[in-house]
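The shown structure was predicted, so the numbers you read here are calculated from the model rather than taken from an experiment. Hydrogens, waters and symmetry mates play no part in the numbers below; they use all other heavy atoms, side chains included.
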Amino acid sequence: SFAAYPSQIKEQDMEMKIYVMGEAASTDRTVNLEKDANLTTASDAQYFFPKTVTVPAGELEAPFIVTLKRTDDLSSNTVSLYLKVAANEDFNIGVVEQNHFCIKWNDILGKPKNWDTELIEFFGAYSLIKYRFIIDTIGFGEFGGSMSWSELMNYKIRMKSALDAYNAAHPDQPLTD
């Protein structure tokens with residue numbers, strides 16, 4: 001999900017791997033990837049993936065990148081990209097349960113589970129606008145149980161300064177959450 005990333009991040013690279021069943025080969029082999037149009041709900045503008053991935057000689061796996069793109073409609077929709085292996089001269093499609101993968105993503109921001117129990121002390125009552133401002137200012141939105149009181153207090157102080165600066169720069173549209 002893009003929701004926990006600052007608004008200016010418009011793309012996210014997903015590191016993926018293709019695994020070969022069987023023996024390693026003495027030559028490079030090519031895996032063909034294709035989108036399953038019947039199961040993919042994302043538009044072509046919302047992702048990029050390589051159509052081929054090379055498995056190097058002597059290897060049983062090969063990394064590749066799928067780039068997911070943040071679009072305006074993701075704030076209210078979850079989309080999916082369903083990729084599958086296509087047969088070629090190097091590979092058959094393989095075991096049906098293992099020849100595909102599905103990535104789902106959105107930009108739907110939700111209230112953190114620990115807001116009312118831990119974060120309220122530092123950031124006050126939850127609002128979507130406030131949480132988006134925190135993510136855009138600090139650069140992340142996950143405040144797990146491993147953060148100390150002093151770290152959270154530091155973020156509170158940083159947020160107060162950022163809010164004061166924002167409101168000074170936008171006197172006709174101040175953030176009041």
Handout entry: Stepwise side chain to side chain contact (heavy atoms under 4.5 Å, CB included) check, Tyr47 with Lys35
Key = CA-CA 11 Å; Tyr47 62 84; Lys35 167 184 81 171; 2.8 Å; yes
Problem - Joint hydrophobic cluster, Ile157 plus Tyr166, side-chain heavy atoms closer than 4.5 Å - result: yes
Practice task
Taking the side chain as every heavy atom from C-beta outward, state whether Phe123 and Ile120 have any atom pair closer than 4.5 Å.
Solution key: no
Handout entry: Crowding at NZ, Lys104 (>12 non-hydrogen neighbours, <6.0 Å)
Key = no
Exercise for the section: Report the relative orientation of the aromatic rings in Phe143 and Phe140; use parallel for angles under 30°, tilted for 30 to 60°, perpendicular for over 60°. Expected result: tilted
Problem - Any Leu163 side-chain heavy atom under 4.5 Å of Thr137 side chain - result: no
Practice task
Give a yes or no on this: more than 12 heavy atoms of other residues, nucleotides or ligands lie within 6.0 Å of atom OH of Tyr5.
Solution key: no
Exercise for the section: Taking the side chain as every heavy atom from C-beta outward, state whether Leu83 and Leu81 have any atom pair closer than 4.5 Å. Expected result: yes
Problem - Distance-only side-chain donor-acceptor flag, Ser80 / Thr41, under 3.5 Å - result: yes
Practice task
Would you please say whether a donor-acceptor pair under 3.5 Å links the side chains of Thr71 and Gln46?
Solution key: yes
Practice task
Check whether Phe2 and Tyr131 end up in the same hydrophobic cluster, where Ile, Leu, Val, Met, Phe, Trp and Tyr are linked by side-chain heavy atoms less than 4.5 Å apart.
Solution key: no
Handout entry: No-hydrogen, no-angle side-chain donor-acceptor test under 3.5 Å, Asn32 and Thr52
Key = no
Problem - Heavy-atom side-chain contact between Met153 and Lys156 under 4.5 Å - result: yes
Problem - Side-chain H-bond candidate by donor/acceptor type, Thr54 with Asp28, under 3.5 Å - result: no
Practice task
List the steps and the verdict of side chain to side chain contact (heavy atoms under 4.5 Å, CB included) for Val20 and Phe91.
Solution key: CA-CA 9 Å; Val20 175; Phe91 294 102; 3.7 Å; yes
Handout entry: Cluster overlap Leu68 with Phe48, hydrophobic side-chain contacts below 4.5 Å
Key = no
Exercise for the section: Step by step, work out the side chain to side chain donor-acceptor pair (under 3.5 Å) result for Glu121 and Trp149. Expected result: CA-CA 10 Å; Glu121 174 184 352; Trp149 182 89; 3.2 Å; yes
Problem - 4.5 Å side-chain heavy-atom contact, Met14 and Thr67 - result: no
Practice task
List the atom of Glu61, the atom of Pro56, and the distance in Å for their closest heavy-atom pair.
Solution key: O-CD, 4.0 Å
Problem - Interatomic distance, Asn114 atom CG to Met147 atom CE [nearest 0.5 angstrom] - result: 10.0 Å
Handout entry: Residues, nucleotides or ligands: over 12 heavy atoms within 6.0 Å of Lys160 NZ
Key = no
Practice task
Establish, from distance only, whether the side-chain atoms of Ser1 and Asn106 form a donor-acceptor pair under 3.5 Å.
Solution key: yes
Fill in the blank from the handout: Taken to the nearest 0.5 Å, the spacing of Asp72 CG from Asn77 CG works out to 11.5 Å
Problem - Same apolar cluster (I L V M F W Y, side chains within < 4.5 Å links), Ile65/Val53 - result: no
Problem - Residues, nucleotides or ligands: over 12 heavy atoms within 6.0 Å of Gln8 CD - result: yes
Problem - Connected via hydrophobic side-chain network under 4.5 Å: Val55 and Leu60 - result: yes
Completion exercise
Closest non-hydrogen contact found for Pro171 with Ala168 is CD-O, 3.6 Å
Completion exercise
All heavy atoms of Ala3 vs all of Arg132, minimum pair found to be O-NH2, 2.9 Å
Problem - Within-4.5 Å side-chain heavy-atom neighbours: Lys51 and Phe49 - result: yes
Practice task
Looking only at non-hydrogen atoms, find the nearest pair between Ala125 and Trp115 and report the distance.
Solution key: C-NE1, 3.7 Å
Exercise for the section: Determine whether Met159 and Phe133 make a side-chain contact, defined as any pair of heavy atoms from C-beta on separated by less than 4.5 Å. Expected result: yes
Exercise for the section: Kindly compute the distance separating CZ (Arg29) from CD (Glu59), expressed to the nearest 0.5 Å. Expected result: 10.5 Å
Handout entry: Point-to-point distance, once rounded to the nearest 0.5 Å, from CG of Asp136 to CD1 of Ile9
Key = 9.5 Å
Handout entry: From CA spacing to verdict: salt bridge (Lys or Arg N to Asp or Glu O under 4.0 Å), Lys69, Asp44
Key = CA-CA 10 Å; Lys69 299 180 181 183; Asp44 291 345; over 6 Å; no
Problem - Donor-acceptor under 3.5 Å (Asn167 side chain, Leu175 main chain) - result: yes
Exercise for the section: Can you measure from CZ (Phe64) to NZ (Lys17) and round to the nearest 0.5 angstrom? Expected result: 11.5 Å
Exercise for the section: Find out whether Leu128 and Leu109 are in side-chain contact, i.e. whether some heavy atom of one side chain is under 4.5 Å from a heavy atom of the other. Expected result: yes
Practice task
Output the distance between atom CG (Leu152) and atom CD (Glu118), rounded to the nearest 0.5 Å.
Solution key: 8.0 Å
Handout entry: Pi-cation contact, Tyr126 with Lys130 (under 6.0 Å, within 45°)
Key = no
